[in-house]
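Reading through the structure tokens given below for one structure.
Quick caveat: nothing in here was measured; it's all calculated off a predicted structure.
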Amino acid sequence: MSAKDFEGIYNEYKAQSVDVTNSAFENMEKGKEAIAAVRKNEDGDLIAFKTNTGRELDYVTALNEAKAGKLAHIDVFHKYGRDIIRSEPDGIRENNLDELPEF
């Protein structure tokens, strides 16, 4: 087996996505709202969301809108036996849902 530069290969791969990610956030998808703030319960779980237009969405409504593709930069995935909302993974911690301001 030949020696490979695994870290170098990974860094090249990761660098390819940086330009795409940054331009995606600069050019908001037309017709889609973005999550601007969150509400958490006492356990720190996300329970509601506020969009950049000021709409306040409970978790289930936000989940349904994300499934319908109406919320920008939000993914829905299945975990713990149910659907979960999360921000698109892009390597930028500051725009993760847990890091957004609370309302």
Side-chain angles (χ1 to χ4, degrees):
M1 179 178 241
S2 63
K4 292 191 176 212
D5 181 15
F6 292 114
E7 189 168 346
I9 293 168
Y10 176 76
N11 287 336
E12 286 179 26
Y13 158 77
K14 193 172 174 183
Q16 292 172 359
S17 66
V18 171
D19 293 335
V20 173
T21 302
N22 288 339
S23 65
F25 281 101
E26 290 172 8
N27 300 316
M28 180 64 67
E29 297 174 63
K30 289 186 178 184
K32 293 186 181 183
E33 292 177 273
I35 301 297
V38 298
R39 180 164 294 160
K40 298 178 182 181
N41 65 12
E42 291 178 2
D43 294 330
D45 300 320
L46 299 171
I47 61 169
F49 305 90
K50 189 175 212 176
T51 69
N52 59 327
T53 64
R55 284 193 319 134
E56 295 180 2
L57 309 172
D58 61 72
Y59 195 95
V60 173
T61 301
L63 179 64
N64 289 332
E65 290 200 11
K67 285 180 181 180
K70 295 180 181 179
L71 296 175
H73 311 298
I74 298 296
D75 285 341
V76 176
F77 69 104
H78 197 75
K79 190 173 182 180
Y80 313 118
R82 64 183 182 273
D83 289 334
I84 305 284
I85 295 172
R86 74 173 189 179
S87 55
E88 287 180 343
D90 61 4
I92 302 171
R93 182 181 176 138
E94 293 77 23
N95 67 14
N96 291 348
L97 294 176
D98 267 342
E99 301 295 322
L100 294 177
E102 293 189 45
F103 70 99

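Residues P89 and D75 form a side-chain contact, since some pair of their non-hydrogen atoms from C-beta on lies under 4.5 Å apart. A heavy-atom distance below 4.5 Å is found between the side chains of E65 and R55. Between I84 and F77 there is a side-chain heavy-atom pair separated by less than 4.5 Å. Between I85 and L46, the closest side-chain pair of non-hydrogen atoms is not below 4.5 Å. The side-chain heavy atoms of K40 and D98, taken from C-beta on, include a pair separated by under 4.5 Å.
Nearest heavy-atom pair, D83 versus K67, reported as atom, atom and distance to 0.1 Å: OD2-NZ, 2.7 Å. Annotation for N41 and D43: closest pair OD1-N, 3.0 Å, computed over non-hydrogen atoms. Closest approach of F103 and K50 over heavy atoms only: CE2-N, 3.6 Å.
To the nearest 0.5 Å, atom NZ of residue K32 and atom CG of residue N52 are 13.0 Å apart. Considering CG of L57 and NZ of K70, their distance stands at 10.5 Å, rounded to 0.5 Å. How far CG of L71 is from CD1 of I35: 5.0 Å, rounded to the nearest 0.5 Å. Here CD1 of I74 is found 4.5 Å from CG of L97. Values are rounded to the nearest 0.5 Å.
A donor-acceptor pair under 3.5 Å is absent between the side-chain atoms of N96 and the main chain of E99, judged by distance alone.
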Starting from the C-alpha separation in whole Å, work towards a yes-or-no answer on side-chain contact (heavy atoms from CB on, under 4.5 Å) for F49 and L100. CA-CA 10 Å; F49 305 90; L100 294 177; over 6 Å; no
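Atom OH of Y10 has 12 or fewer neighbouring heavy atoms from other residues, nucleotides or ligands inside a 6.0 Å radius. Under a cut-off of 6.0 angstrom, the local environment of CD in E7 is sparse, with at most 12 non-hydrogen atoms contributed by other residues, nucleotides or ligands.
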